[in-house]
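Next up is a structure, given as structure tokens.
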Protein chains: 2
Amino acid sequence: MRHKDEHKQKAIIDATVKLVNETGFAAASVAKIAREAGVSPATLYVYYKNKEDLLVSTYVEIKRKFGVAVTREYDPTLPIRDKLARFWRNAFVAIQEEQALFQFSEQFARTPYADLVPPEVMEEYFGPIFDTLREGIRQKIIKDLPIEILSVFMFQPVMQLANPKICAAFGKEPGDVDLAFTLAWDAIKL
Amino acid sequence: MRHKDEHKQKAIIDATVKLVNETGFAAASVAKIAREAGVSPATLYVYYKNKEDLLVSTYVEIKRKFGVAVTREYDPTLPIRDKLARFWRNAFVAIQEEQALFQFSEQFARTPYADLVPPEVMEEYFGPIFDTLREGIRQKIIKDLPIEILSVFMFQPVMQLANPKICAAFGKEPGDVDLAFTLAWDAIKL
DNA sequence: TTCTAAAATAAATGATCATTCATTAAATGT
DNA sequence: ACATTTAATGAATGATCATTTATTTTAGAA
């Protein structure tokens with residue numbers, strides 16, 4: 001029995017992300033991904049059922065990573081605002097540190113491929129955030145609106161701000177992140 | 001001299017948008033677009049230099065349309081808040097009315113193709129919005145932050161809220177839009 | 001050391017890709 | 001009515017596509 005090479009698996013994922021980011025989904029062929037990863041095109045089919053499986057699996061794995069990063073050091077004793085501030089800061093740092101992964105996920109999420117990912121997967125990764133918003137509503141600290149709407153105002157901005165293509169100037173100075181969080185908080189607080 | 005058929009041009013654009021939305025950029029081939037539009041693949045090259053030109057031109061045209069729609073009925077005498085509220089409502093209505101076009105533009109904007117579009121094109125279409133934010137800063141009504149950051153908090157949410165894939169429940173009830181605008185305004189106001 | 005099972009691959013498959021070219025169809029100006 | 005110009009196209013191009021198959025390599029079990 002021979003085992004799958006985890007370095008090879010990582011090389012395939014890295015190559016997929018790199019090629020999709022640099023040339024787009026349309027031009028990211030199996031042959032090019034394999035060449036970039038330094039393996040045979042056929043090897044890809046040892047690790048993934050087909051190309052769609054490769055792309056969807058890569059996306060889900062990236063989202064899982066970000067889910068873990070954002071909910072890191074979760075402290076249930078903190079006040080609502082501080083909990084959200086930690087999520088926000090974690091998200092900002094995670095996106096900054098893994099810009100390539102984030103760019104891939106943003107591109108993928110707008111694609112029809114995204115419909116193939118079951119919604120409960122995302123709910124699982126980002127559950128603590130939604131729970132915190134619900135708790136804030138119960139405590140009459142946050143406006144009583146649907147969670148999806150609050151999420152949009154709370155977390156959509158950080159995804160844009162951490163993207164240097166959109167906001168090149170943001171995040172260089174200390175205090176930038178906390179200031180931006182205040183804007184998001186002002187939007188949803190009662 | 002024979003003229004180009006504007007109905008044929010529209011059919012090509014509509015087919016491009018439809019196919020990209022339904023199957024993604026990766027699967028939207030020239031042959032399929034031509035078949036959907038009811039023309040020969042070669043006809044496409046009468047209207048566009050190549051496939052890239054077709055996609056980029058379609059995107060720029062869509063952005064132009066939205067730019068016009070958002071800045072419609074611009075009244076320079078209105079207070080800052082009312083100006084922004086009108087932009088916001090215009091944007092919401094435009095996206096709702098042309099969901100297919102919006103979906104295409106969102107997908108395109110995340111693609112490496114987007115780098116081919118000169119930034120001054122977008123600045124031209126959405127100039128009045130940026131001007132209004134700058135005026136708000138000068139009048140000490142809006143927080144003194146870079147325009148890109150204020151834009152993110154003011155207009156990113158409406159793009160998400162108007163997307164039924166993300167917020168299915170939003171916008172059905174009268175007052176939803178004005179309420180949501182209040183959240184965005186609370187974020188950036190002083 | 002030998003056997004074995006799965007990893008890894010080179011090569012080949014038929015389909016589909018973007019684009020071009022030679023030709024035809026149609027609308028305009030005279 | 002005719003000549004001219006360009007829109008429109010069918011067919012063909014070679015390249016590249018995703019995937020499969022037959023074969024070789026390799027790591028762990030016996």
Side-chain angles (χ1 to χ4, degrees), chain A residues 1-61 104 107-108 111-116, chain B residues 1-61 104 107-108 111-116:
Chain A
M1 249 285 266
R2 190 180 168 185
H3 294 146
K4 288 181 190 173
D5 182 345
E6 64 180 30
H7 298 94
K8 207 156 278 187
Q9 166 118 37
K10 187 177 183 314
I12 292 171
I13 294 176
D14 290 349
T16 302
V17 170
K18 186 177 180 212
L19 249 155
V20 167
N21 283 348
E22 287 177 1
T23 68
F25 276 98
S29 69
V30 172
K32 286 179 191 163
I33 292 171
R35 191 177 317 133
E36 174 75 36
V39 301
S40 161
T43 304
L44 250 140
Y45 292 84
V46 174
Y47 292 83
Y48 300 96
K49 215 166 65 254
N50 50 38
K51 189 186 179 183
E52 177 183 297
D53 182 35
L54 163 66
L55 296 174
V56 174
S57 299
T58 299
Y59 174 71
V60 171
E61 171 58 18
F104 177 95
Q107 201 174 332
F108 183 96
T111 287
Y113 280 127
D115 298 338
L116 300 171
Chain B
M1 247 284 266
R2 189 178 167 188
H3 295 145
K4 289 182 189 173
D5 182 346
E6 64 180 30
H7 298 94
K8 208 155 279 184
Q9 166 121 37
K10 187 176 183 314
I12 292 170
I13 294 175
D14 289 349
T16 302
V17 170
K18 186 177 181 211
L19 249 154
V20 167
N21 282 348
E22 286 177 0
T23 68
F25 276 98
S29 69
V30 172
K32 286 180 191 163
I33 291 171
R35 192 176 317 131
E36 175 74 35
V39 301
S40 160
T43 304
L44 248 138
Y45 291 84
V46 174
Y47 292 84
Y48 300 96
K49 218 167 60 253
N50 50 37
K51 189 185 179 183
E52 178 183 297
D53 182 35
L54 163 66
L55 296 174
V56 174
S57 300
T58 299
Y59 174 70
V60 171
E61 170 58 18
F104 176 95
Q107 201 174 334
F108 182 96
T111 287
Y113 280 127
D115 298 339
L116 300 171

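These numbers were taken from a predicted model, which means no experiment stands behind them. Below, chains carry the letters A, B, ... as their sequence lines are ordered, and counting in each starts from 1.
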Which whole-number value in Å describes the distance from B:Leu19 CG to C:dT16 C1'?
->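 It is 14 Å, rounded to the nearest whole Å.
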If you look only at pairs with a residue in residues 29-46 of chain A, which of them pass as a side chain to side chain donor-acceptor pair (under 3.5 Å), with sequence neighbours excluded?
->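 Residue pairs passing side chain to side chain donor-acceptor pair (under 3.5 Å), neighbours aside: A:Lys18-A:Glu36.
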Give each protein N/O atom lying under 3.5 Å from an N/O atom of nucleotides 4-8 of chain C, with the pair distance.
unit_1	atom_1	unit_2	atom_2	d
C:dA7	N3	A:Arg2	NH1	3.3
C:dA8	OP2	A:Tyr47	OH	2.5

Would you mind reading off the distance between A:Lys32 atom NZ and D:dA15 atom P, rounded to a whole angstrom?
->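 Going from A:Lys32 (NZ) to D:dA15 (P), I get 15 Å.
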Please report the closest heavy-atom contact between A:Gly24 and B:Pro112, naming both atoms and the distance.
->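 For A:Gly24 versus B:Pro112, the nearest heavy atoms are N-CG, 3.3 Å.
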Using whole Å, report how far CG of B:Leu44 lies from C1' of D:dG10.
->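 My rounded result for the distance is 15 Å.
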A:Val20 versus A:Ala28, closest heavy-atom pair with distance |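 Closest approach of A:Val20 to A:Ala28: CG2-CB, 3.8 Å.
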A:Ser29 side-chain N/O to D:dC17 phosphate OP1/OP2 under 4.0 Å |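 A:Ser29 to D:dC17 OP1/OP2: side-chain N or O found under 4.0 Å.
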Parallel under 30°, tilted from 30 to 60°, perpendicular over 60°: which one fits the rings of B:Phe104 and B:Phe25?
->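 Ring orientation of B:Phe104 relative to B:Phe25: tilted.
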Using a cutoff of under 3.5 Å, can you pull out all pairs of nitrogen or oxygen atoms linking the protein to nucleotides 19-22 of chain C, with atom names and distances?
unit_1	atom_1	unit_2	atom_2	d
C:dT19	OP2	B:Tyr45	OH	2.7
C:dT19	OP2	B:Lys51	N	2.9
C:dT19	O5'	B:Tyr45	OH	3.3

Of all residues at least two apart in sequence or in a different chain, which pass the salt bridge (Lys or Arg N to Asp or Glu O under 4.0 Å) check with A:Lys4?
->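 Salt bridge (Lys or Arg N to Asp or Glu O under 4.0 Å) list for A:Lys4, sorted by chain: empty.
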All side chain to side chain contact (heavy atoms under 4.5 Å, CB included) counterparts of A:Ala11, not counting sequence neighbours =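 Only A:Ala37 meet the side chain to side chain contact (heavy atoms under 4.5 Å, CB included) criterion with A:Ala11.
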Could you state the atom-to-atom distance from CZ of A:Arg35 to P of C:dT9 in whole Å?
->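 After rounding, the reported distance stands at 14 Å.
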Decide yes or no for B:Tyr47 and B:Leu54: does some side-chain heavy atom of the first lie under 4.5 Å from some side-chain heavy atom of the second?
->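 B:Tyr47 does not reach B:Leu54 side chain to side chain.
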Sequence neighbours left out, what passes salt bridge (Lys or Arg N to Asp or Glu O under 4.0 Å) with A:Glu52? Give chain and number order.
->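 In terms of salt bridge (Lys or Arg N to Asp or Glu O under 4.0 Å), with neighbours along the sequence ignored, A:Glu52 is linked to no residue.
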What is the distance, rounded to the nearest whole Å, between atom CD1 of A:Ile33 and atom P of D:dT19?
->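 That distance rounds to 11 Å.
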